[in-house]
Structures are given as C-alpha cells and as structure tokens.
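The structure appears right after this line, and notes come after that.
On a predicted model such as this, the values are computed, not experimentally measured, just so you know. Within every chain, numbering begins at 1; the chains are lettered A, B, ... in the order of the sequence lines, protein sequences first and strands thereafter.
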Amino acid sequence: MKKIYANATEALDGVISDGMLIAAGGFGLCGIPEMLLEAIKASGAKDLTFASNNAGVDDFGIGILLQTKQVKKMISSYVGENAEFMRQYLSGELELEFNPQGTLAERMRAGGAGIPGFYTKTGVGTVIADGKEHKEFNGETYILEEGIFADLAIVKAWKADDTGNLVFRKTARNFNVPAATCGKICVAEVEEIVPRGSLEPDSIHLPGIYVHRIVQGNHEKRIEQRTTRKKEEA
Amino acid sequence: MPWDRNQMAARAAEELEDGMYVNLGIGIPTLVANYVGDKDITLQSENGMLGMGPFPFEGEEDADLINAGKQTITELSRTSYFDSATSFAMIRGGKIAAAILGAMEVDEKGDLANWMIPGKLVKGMGGAMDLVAGVGRVVVVMDHTNKHGDSKVLKECTLPLTGQGVVDRIITNLGVLDVVEGGLKIVELADGVSEDDMRAATQATIVN
C-alpha cells in the first residue's frame, strides 16, 4: 500500500469530515503537525473536536483553526498562550475539557492499545474527579478515566520511510506517539522521507503499522520561548 | 531577614540527594537547578526528557528541544528522550523521587492549589496534578503571604485543588514547614525570622 502523498491536502483527502474527533501531536509549538493543520483550515471542516495538549498560539498551530471557528471543543491540559481561545471560551462559543497532562497522554495511549478505561490517582480530590467512578486499590483511591478513540490522528515526525516507520527528534516526540496510535487513521507529516532500509530497525520510535499516510514538507518550527545564556556565563 | 527567591531556591536544593531524578516546576523551583552543586541530580522535563541541560548559547537554540515551560534548553551526555505517555508513566509510577513546585495556597492537610483562580483566566493544570499524585516527595516553594499580606499557608485551601494530601514540605521566605499529623511542624526559620513571626504569618495549625 502506497503511503506517501504529494502534499498535506492530498494526504487528508477523504479522511476529514465535520464533527470529527482529531488527536493531534505536539507540546506547545514543538512537534506540531503544522502543515496538516493548515490543510484542515483550507478544507473548511467544522465542529471539530481536538484532543491536543495545547491549542497553539493565535496565528500558529491549532490557533489558526480557532480564528476560522472550525473548532467546537478542545480536550487539553494547558491553553494559556492563546488570546482568541480565551475569548471564544469565555463567550461560550468553544467547549473546553481540561485533562491533566499525563491523563491525556494515557487516554490516547490506552485508546491506541484497545483499552477503554483505566484507573489513576491523578486528580483524586479535585474537580477533575467530579462525576467519575472512584475505586480503591490497596487502600488508595483511584478514578476511572476513559481511553480516547479518535477518528483521525495528525502527527509530526522528523524522518519516515515509505512504510511509515517514524523517527522523532529530541523533545518533539512528546504527544505525537500516543496521538498517532489512538487514531483510526493516522496522517504523519515529516521533514524527510528516507529510503527503505536506511532507518535503524532498533531505533524506530513508532512502527509503520500505526501510520497510514505520510507527507513531506518544509516546517517553520516556531520557537515559543527563546531563552539563551551568554557565553561568558558558561 | 526573610529569604529572597535565590535563598529559597538554595534551601530547596538541600532537599535533593545524590542520584535523584527530580522534576522542577516553573518560577522559583527552576532556580533550584543553580544550587545543586556537586550532587548527581537528573532533571526531568515532563514533555519527554531526562537529563535537562542549561539554556543554549545565543544562536544555538533548537525548536525541537524545549522544557515544559516551552523554553529552549540543551541536552547533556546523560540525556534521554521519550514520548508524553512514557514521561507520565514514570511520574505516575513513582520513579521520580521528588517534585519541587510553586503554589498559590497550601493547607495543613497537605492539600495544594496552584492551577486555577475562579473568575480569572484559566490556563489549565498542565502536568501538575499528575506530578503531585505520582512523585515520591512533593516540596512546595512559595512566598509565605500574598501581595496583600494574607497567609498562603492555610487551615484549608480556598482555591480549586491540584491535589489532596500531597505536600510533604513547604519552603517559604520565612522558613521550612513539614506536613505532619494534626498540622504543620516548623523545621527551620529563615535568618532573623522568629517563631512568632512564622506563627503570625501562618493561618494553618502549627504543632510541636
């Protein structure tokens, strides 16, 4: 099966629809599927729900889909850097479900692994636990959290081969792995598609079985907080 | 004189022992890294990294290498990278020895509030709820009172909680308190701070 597509629009052809649940990789602006988000914007699909740790900034990442009001709901752990997000949320136009970051990652991992629910200590005694099943194990209380089964996963990797084996770079791996696994269809954008056999089999971060479509392109890779030190401090 | 930010960070660094894997929160906790000295400490960044290095030199920033505060950082010879599910598996699984975090309020039962003020902009809890529920030891570093002079060390937190009964030790500009049976116990006073000063600034029950 041919997995490589010419551009992001073609890579999403036939897999985008109104009202769908999309799991997106990335942490802040690091390792986000920026090309695929642009292509979703261009598709005009609306009433989308995104399971994504963050919501981008106003003009980059998922933020661009907030500008066009294509997002109905966000499932996120932190949305602090986005003014348009706050405006829509406070005016009631946008639904928001806060998940603790680790719970969100595990919900994706669980969904991808065929696990519909799991118990965690995270959030016990907080608003996160409201309305959720509580259960004791060995004298400690846990709450039930559900796996995420997304209609579509969009992720960004560093390298892919034509079979969809992916390699990520540094902290840009983040949510991309669990997000990729929990989608019925996973589309990956990469910086480089390399010949089959050139990725070390022992060093593949996500096996191609999880990846259905691949597109290569140039990434802006915007930095959110540029922090440096002076040479003399070294 | 009560401790300043750097002195609080230096005191918090004394909590860390050789060989520990540690997660540092944003703000004063970040400064703790400057005071670990010769101790062999591995810093975890919950976006998927063990062995976090210092900020890069100008011109060497890498968009693929950031910490949980989204700041550019560097790697070390010991560094490993992993995905977010693995990162929180090691947090939830108790592999991280300690977290040093900031707080808006702490109470005498060890409840912690540091993510939300009702009626104000809500940014989200990020990884804070997972950290306080999962790591071996939770040390809070914060000013003892808010800018109005009200105590942040309370009988009962008023803000939405990040975790219930999770705090082990509180380090403030006035000194160090432990969460014990029945309330808080004074462990140490900052130079020039009397026990009366500490008690006056603390709403929580102080036990001997």
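Residue A/Ile223 holds its CD1 atom at 5.5 Å from CD of B/Glu61, rounded to the nearest 0.5 Å. Rounding to the nearest 0.5 Å gives a distance of 7.5 Å between OG1 of A/Thr171 and CG of B/Asp62. Considering OG of B/Ser45 and CZ of A/Phe27, their distance stands at 7.0 Å, rounded to 0.5 Å.
Neither the backbone nor the side chain of A/Glu220 comes within contact range of chain B; no heavy atoms are under 4.5 Å apart. Heavy-atom distances place the backbone of B/Asn67, and not its side chain, under 4.5 Å from chain A. In this structure, chain B has a heavy atom under 4.5 Å from the backbone of A/Asn99, while its side chain stays farther away. Heavy-atom distances place both the backbone and the side chain of A/Arg226 under 4.5 Å from chain B. In this structure, chain B has a heavy atom under 4.5 Å from the side chain of A/Ile128, while its backbone stays farther away. Contact annotation for B/Thr86: neither backbone nor side-chain heavy atoms come within less than 4.5 Å of a heavy atom of chain A.
Between the A/Arg229 side chain and the B/Pro56 main chain, no donor and acceptor come within less than 3.5 Å of each other. Under the 3.5 Å distance criterion, the side-chain polar atoms of A/Thr227 are matched with a main-chain donor or acceptor of B/Thr72.
Options B/Glu58, B/Met49, B/Lys70, B/Glu46 differ in how many heavy-atom pairs under 4.5 Å they form with chain A, and the most are formed by B/Lys70. Between chain A and the options B/Ala68, B/Ser87, B/Gly163, B/Ala113, the largest number of non-hydrogen pairs under 4.5 Å is found for B/Ala68. Of the listed residues B/Ala133, B/Pro54, B/Gly126, the one with more heavy-atom pairs under 4.5 angstrom with chain A than any other is B/Gly126.
A salt bridge between A/Lys121 and B/Asp130 is absent, with no side-chain N of the basic residue lying under 4.0 Å from a carboxylate O of the acidic one.
Using a 4.5 Å cut-off on side-chain heavy atoms (C-beta onward), A/Thr120 and B/Arg92 make contact.
Cation-pi check for A/Arg173 over B/Phe82 is not met; the charged atom does not lie both under 6.0 angstrom from the ring centroid and within 45 degrees of its normal. At least one test fails for B/Lys123 against the ring of A/Tyr78: distance under 6.0 Å to the centre or angle within 45° of the axis.
In terms of heavy-atom proximity, A/Lys170 sits nearest to B/Asp64 at CB-O, 3.2 Å. Shown here for A/Cys30 and B/Ala63, the closest heavy-atom pair between the two residues is SG-O, 3.4 Å. Nearest heavy-atom pair, B/Gly127 versus A/Gln101, reported as atom, atom and distance to 0.1 Å: N-NE2, 3.4 Å.
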Only distances under 3.5 Å count here; give the side-chain donor-acceptor pairs of residues 135-147 of chain A to other protein atoms, sequence neighbours excluded, each with its distance to 0.1 Å.
| residue | atom | partner | partner atom | Å |
| --- | --- | --- | --- | --- |
| A/Glu145 | OE1 | A/Lys132 | NZ | 3.3 |
| A/Glu145 | OE2 | A/Lys132 | NZ | 3.1 |

